[in-house]
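Take a look at the structure below.
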Amino acid sequence: MARKLESHSLGLPVFHSALKALQYPAFATRRVGAGAADSNQRAAARCRRGKEAMSEQSVTAQSEDFSRWYNEIVYRADLAAPSPVRGCVIIKPYGYEIWEGIKAGLDRRFKATGHQNAYFPLFIPESYIRREAQHVEGFSPELAVVTHAGGKELEEPLVVRPTSETVIGEAFSDWIQSYRDLPLLINQWANVVRWELRTRPFLRTAEFLWQEGHTAHATHDEAERETLQMLDIYADFAVNDAAIPVIKGEKSKMERFAGALRTYTIEAMMRDRRALQSGTSHNLGQNFAKAFDIRYLAESNNQEYCWTTSWGLSTRMVGAVVMTHGDDKGLRLPPKLAPYQVVIVPIFKDDTQRGAVMDAVERLRGQLDDAGVRVHIDNRDGQSPGFKFNDWEMRGVPLRMEIGPRDVEKNNAVLARRDIPGRKGKQFVSQDGIVAVTRSLLADIQCSLLEDARAFRDAHIADAASYDELRMVIAEGDWARVFWDGDDEDELAVKDETGATIRCFPFDQPGEPGQCVFSGRNTERVALFAKAY
RNA sequence: CGGGGCGUGGCGCAGCCCGGUAGCGCGCACGGUUUGGGUCCGUGAGGCCCCCGGUUCAAAUCCGGGCGCCCCGACCA
């Protein structure tokens, strides 16, 4: 386990301090009309028709049908399996290991900023949920409720948690007496249930795994700092570990968490250019403190309500990794999250060769293993090397190592990078110093995935100066950045007409005033509109 | 909840119109052959044809009823 954690860093840029501002520039945009959408994608779509009946070994092209591509890849790469229950999935070991990587990366950051893990019950008395008015309203349509247990009807139905603000709020009100008990910084890793209508593996399932942090503070400002700090941690994780460039921002009133003062988000652009909210952080103000009587005795000897926050990131992140980096051949996993960073495919004809090849393979494996690289030997008997190459490419392994008789003879190995297709991604290297080469290639792949994703995203965000332009940009499938000073109805109108919603008001603002594309009012704020998952 | 579609070996499907032996591809098992980009051949295992009822000598197929699932329109990490 120690090794596993450690190998997540690989000598790559590691997480430094959650409080430190992130290094990457927020994001770039293009002008409307300039260099429109990917002509590549369309050409590919045209090309592909007619080859319909390609063998079952190949995956539907992204350009042809993105969601079909997604579903196929999720199942074929062995991330998940269908479940007997409605909107649920079985997360298979390969998918779960990605989640474990996500957990490890986040948990480390949470601990580094003083949070502790705890666990609260799955069942929540129905009356708790009702205590915070907006909260009930927000969640009641999607609650699963247990009415019977132990063979009889329960006196009070139990809600299967959709999130835990209420139980935790109740607990906090007991735990917190004095300002000396603050801040209280708690996180829990748990499953939650939301009875969603339309579900997709990882992106939206009836049950999902996540982490929910809950904190209580003495002042509004402190709570606000915590809320923003955790958003920074999410962004830092997304960028540096998952290689997903994200845009930090604030949610509009409509998209705000039920019961929150303010909701912040990191938004990522998937390969089909739809937005995916990949993590959120809420300043809950005193709403829950008042509903659950979370009070502390201040130094002044006065009873004060606490200021609370909550923040969560879920298995949806696995879907984000798939949809951000994946290509027509399948997954492309960032080395820091890849269950296997290197897969070794041994090649031999007969038993003599086998012996020599396997000796070399085992030796190299040992070296990589000792260096903390997650390495796997594919010694399946029935499959040809070619089959294995394709198989591991589909499963997104960053680096493939081929060792055959010729390599053994020359003390070589072949390394093939997943992020560079075909011959160009292949190189012969000496077996001596394999650790250093592997490490540097993995670091390189980690960066190149991030850069790819960033370039793609920036090419598909456009500044729109009018509502017409906004409509155009959205119709193209891109994201539109616009000056916005509309109200809820305006936002709804845009959604009805274009299908796009405000993903966020980015923290990165132009700093100069402009005219709201909808109301015409002057405003300082720009919003990002996009179609979202 | 409104509109469209589908339930047949593990997965993807054909068969249904015109009732009569349940079939194909993939996968799986075994043997051989191959192995540096998805080898090939042979043998084999595996199916209350969603459920209940009806028609008939005979139902996967026709009729009636149920159930389940998927896709498209209102919510969400």
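Per chain, numbering begins at 1; letters A, B, ... match sequence-line order. None of these values were measured; they are calculated from a predicted model.
- Using a 4.0 Å cut-off on heavy atoms, the residues of residues 342-355 of chain A that approach RNA chain B are A/I347, A/F348, A/K349, listed by number.
- Note on A/R400: a base of the nucleic acid sits closer than 4.0 angstrom, heavy atoms only.
- Toward the 5′ end of RNA chain B lies the nearest nucleotide of A/S384, the other residue of the pair A/S384 and A/E196 mapping further downstream.
- In this structure, A/P385 reaches the bases: a heavy-atom distance under 4.0 Å links it to at least one base atom across the strands shown.
- Within 4.0 Å (heavy atoms only), A/V192 reaches no atom of the nucleic acid at all.
- Using a 4.0 Å heavy-atom criterion, one finds that A/T205 contacts the bases of the nucleic acid, with or without backbone contacts as well.
- For the side chain to side chain donor-acceptor pair (under 3.5 Å) with A/T263, the qualifying choice from A/H282, A/K251, A/Q277 is A/H282, the only one to do so.
- Note on A/K495: a side-chain N or O is less than 4.0 Å away from OP1 or OP2 of B/C75.
- Residue contacts shown for A/L203 include a base, since a base heavy atom lies under 4.0 Å away.
- Comparing B/A14 with B/A77, their P atoms are spaced 39 Å from each other, to the whole Å.
- B/C51 sits 15 Å from B/G68 when the P atoms are compared, rounded to a whole Å.
- The same atom, P, is picked in B/G2 and in B/C49; the two are 32 Å apart, to the nearest Å.
- Remark: the separation of the P atoms in B/C63 and B/C75 is 40 Å, to the nearest Å.
- Residues from residues 316-324 of chain A with heavy atoms under 4.0 angstrom of RNA chain B, sorted by number: A/R316.
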